Amino acid sequence: MPELPEVETIARTLRPELVGKTILEADVRWARTLAMPSAKKFREQIQGQVIQSVGRRAKFLNIQLTPLREPQGRAYHLLIHLRMSGDLVIKDGKIKAEKHDRLILTLAPFPSPHGRGVGVKETYLVFNDTRKFGRVWLTDNIEKVLGKLGPEPLSDDFTPQWLYNALVSRHRQLKPLLLDQTFIAGLGNIYTDEALHTAKLHPLKSSNSVTKRQAERLHDAIREVLREGIRRNGASIDRVYRGGDFQNHFRVYGRTGEKCPVCGTKIKRIVVGQRSTHFCPNCQRK
DNA sequence: CACGTCACCTGCGTGC
DNA sequence: TGCACGCAGGTGACGT
């Protein structure tokens, strides 16, 4: 479901709710949600951990837990990838597990490894994932999970020059290349189509045929659409409504047959690498 | 290395 | 109403 702006929005929403809380227990309701470790070890290791921070790398949520040993000890990280249909919500009071809840963490409102006190209000972090594609890792070595990712498109090391060099050093169609998380990390099907349209580049154009000027345009377009997505709190499609409204501002994604907002030409849909791809045949020439 | 295909899953809208 | 089909914001493992 989510791409970089949606995951960023979730991280920002969860952060003030989670930081400082203690994880009392884990209810693993679908074992394969855990990429590592086993459900048994997961429950043992996460119990009593205090949440230090809530971050994002690419489409991964990165929840840092108590350092093992002060001050240099390694810290566990809870890494969560929502894939197509995952969602994270905070609940409190008397909750009952819903149909597609895959993992439920019980939280205490302050550092209290031994848990429950009288009158202490517990909250829950619920991972709901209809299609079961989402995955959760608990590890003290995040490089093992995140190590192959390309640069963050909103970071300083993503520059026009870097993008130009990276594009021309490969022979790939632009759309699949931008979806490749080892190339750039965080773009998905929506924001890739939006960025290519904004940059006026055809999704099937070969990366090594891009000029320096076009690479600059693409660089700026990628940042622009991601920032707009974040500003609008992401896009809300499906039944999972998260309050974002970027879906009302798509230029081409999901607008097959409608008019291009720039030139009025009918937007075309093709399939590239099994993914729906939307573009303006007039603005985006090969 | 680049690209195509399938697998992993569930649910929803469409058309017969 | 039932049913088949296509589609969905992602990724990884294959084969050529």
Side-chain angles (χ1 to χ4, degrees), chain A residues 1-11 29-36 56-61 79-88 98-103 127-137 144-150 153 166-196 203-209 222 225-226 228-230 232-257 269-278:
Chain A
M1 193 159 81
E3 306 180 31
L4 186 156
E6 288 73 32
V7 180
E8 178 65 24
T9 300
I10 292 173
R29 307 185 61 78
W30 175 257
R32 279 200 282 159
T33 289
L34 300 179
M36 68 172 293
R56 177 193 60 74
R57 170 78 170 102
K59 302 173 193 172
F60 290 82
L61 276 153
L79 299 171
I80 304 175
H81 198 303
L82 276 41
R83 295 278 175 90
M84 292 288 270
S85 60
D87 196 15
L88 285 167
E98 313 238 347
K99 191 170 180 191
H100 301 114
D101 290 349
R102 309 303 181 194
L103 175 66
F127 177 57
N128 183 281
D129 181 26
T130 304
R131 293 177 70 183
K132 298 179 175 171
F133 291 162
R135 290 294 179 268
V136 172
W137 295 254
K144 237 171 144 180
V145 182
L146 308 178
K148 288 181 178 170
L149 291 170
L167 287 170
V168 297
S169 69
R170 314 206 186 190
H171 292 236
R172 300 275 301 273
Q173 296 173 328
L174 286 178
K175 165 109 180 194
L177 184 55
L178 294 178
L179 286 174
D180 183 342
Q181 302 296 297
T182 68
F183 183 74
I184 306 179
L187 290 174
N189 210 30
I190 293 177
Y191 291 90
T192 299
D193 281 4
E194 296 297 303
L196 286 171
L204 297 181
K205 185 176 171 62
S206 181
S207 63
N208 63 319
S209 75
I222 288 169
V225 299
L226 290 177
E228 188 188 356
I230 292 171
R232 299 189 183 280
N233 296 317
S236 310
I237 315 181
D238 292 348
R239 304 153 295 284
V240 192
Y241 181 67
R242 235 190 313 280
D245 79 325
F246 186 57
Q247 71 279 6
N248 299 322
H249 303 272
F250 293 161
R251 298 148 179 82
V252 289
Y253 182 83
R255 298 205 179 281
T256 312
R269 174 185 181 274
I270 57 175
V271 175
V272 184
Q274 326 280 88
R275 312 300 303 278
S276 269
T277 298
H278 315 77

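Just so it is clear: chains get the letters A, B, ... in the order the sequence lines come, proteins before strands, and each one is counted from 1. In this text, all values refer to a predicted model and were calculated from it rather than measured experimentally.
- Residues from residues 177-189 of chain A placing a heavy atom under 4.0 Å of any atom in DNA chain C, listed by number, are A/Gln181, A/Gly188, A/Asn189.
- Rounded to the nearest Å, the gap between the P atom of B/dC6 and that of C/dC5 is 15 Å.
- A/Arg131 pairs by the side-chain hydrogen bond (donor to acceptor under 3.5 Å, both in side chains) definition with nothing, not counting sequence neighbours.
- Side-chain atoms of A/Glu98 never come within 3.5 Å of backbone atoms of A/Asn128 as a donor-acceptor pair (strictly under, hydrogens ignored).
- With rounding to whole Å, A/His100 atom NE2 is found 13 Å from B/dC9 atom P.
- When rounded to the nearest whole Å, the span between CG of A/Asn128 and C1' of B/dG11 equals 13 Å.
- One interatomic measurement links the two molecules: CG of A/Leu82 to P of C/dA8, which rounds to 19 Å at whole-angstrom precision.
- Comparing the P positions of C/dC14 and B/dC9 gives a spacing of 16 Å, expressed to the nearest Å.
- Remark: A/Arg57 pairs with A/Leu146, A/Leu149, A/Glu152, A/Ala185 by the side chain to side chain contact (heavy atoms under 4.5 Å, CB included) rule, at least two apart or across chains.
- Proximity note for A/Glu3 (side chain, C-beta onward) versus C/dG10, B/dT10, C/dC7: the nearest is C/dG10.
- Among residues two or more places apart in sequence or in another chain, the ring pair (Phe, Tyr, Trp, His ring centres under 6.0 Å) test is passed with A/Phe133 by none.
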Pairwise N/O distances under 3.5 Å, protein to nucleotides 1-5 of chain B:
unit_1: B/dA2; atom_1: OP1; unit_2: A/His171; atom_2: N; d: 3.2
unit_1: B/dA2; atom_1: O3'; unit_2: A/His171; atom_2: O; d: 3.2
unit_1: B/dC3; atom_1: OP2; unit_2: A/Arg172; atom_2: NE; d: 3.2

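- A/Lys59 meets the salt bridge (Lys or Arg N to Asp or Glu O under 4.0 Å) test with no other residue; sequence neighbours excluded.
- With C1' as the reference atom, B/dC3 and C/dA8 are 23 Å apart, rounded to whole Å.
- Not a single salt bridge (Lys or Arg N to Asp or Glu O under 4.0 Å) links A/Arg135 to another residue, sequence neighbours left out.
- Atom C1' of nucleotide B/dC9 and atom CZ of A/Arg32 are separated by 9 Å, given to the nearest angstrom.
- In this structure, A/Gln181 contributes its side chain and A/Gly186 its backbone to a donor-acceptor pair below 3.5 Å.
- Side-chain contact between A/Asp129 and A/Leu82: absent, with no pair of heavy atoms (C-beta onward) separated by less than 4.5 Å.
- The salt bridge (Lys or Arg N to Asp or Glu O under 4.0 Å) contacts involving residues 187-196 of chain A comprise A/Lys175-A/Asp193, A/Glu194-A/Arg251, where partners must be two or more places apart or lie in separate chains.
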A correct dot-bracket answer for DNA chain C, with pairs being Watson-Crick or G-U at under 3.5 Å, [ ] for crossing pairs and | for inter-strand pairs, is .|||||||.|||||||
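- In the set C/dA8, C/dT11, B/dG11, C/dT11 carries the atom at the smallest distance from any side-chain atom of A/Arg83.
- Using a distance-only test at 3.5 Å, with no hydrogens or angles considered, a donor-acceptor pair links the side chain of A/Ser207 to the main chain of A/Arg170.
- When the side-chain nitrogen and oxygen atoms of A/Lys59 are compared with OP1 and OP2 of C/dT11, one or more of them lie within a distance under 4.0 Å.
- Remark: A/Lys205 pairs with A/Leu174, A/Leu201, A/His202, A/Ser209, A/Val210, A/Gln214 by the side chain to side chain contact (heavy atoms under 4.5 Å, CB included) rule, at least two apart or across chains.
- In this structure A/Phe127 satisfies the ring pair (Phe, Tyr, Trp, His ring centres under 6.0 Å) test with no other residue, sequence neighbours excluded.
- Between the CE atom of A/Met84 and the C1' atom of C/dG10 there is a distance of 6 Å, given to the nearest Å.
- The distance between atom CZ of A/Arg275 and atom P of C/dG6, rounded to the nearest whole Å, is 18 Å.
- Residue A/Lys132 places no side-chain N or O under 4.0 Å from the OP1 or OP2 atom of B/dC8.
- Across all strands, A/Lys148 comes closer than 4.0 Å to no nucleic acid atom at all (heavy-atom distances).
- In this structure A/Arg275 satisfies the side chain to side chain contact (heavy atoms under 4.5 Å, CB included) test together with A/Leu179, A/Asn189, sequence neighbours excluded.
- Residue ring and nucleobase are not stacked for A/Phe133 and B/dC9 under a centre distance beneath 5.5 angstrom and an angle between planes beneath 30°.
- Of the side-chain N and O atoms in A/Ser85, none sit less than 4.0 angstrom from OP1 or OP2 of B/dG11.
- Atom CZ of A/Arg29 and atom P of B/dT10 are 15 Å apart (whole Å).
- In this entry the distance linking CD1 of A/Ile80 with C1' of C/dG10 reads 16 Å, nearest Å.
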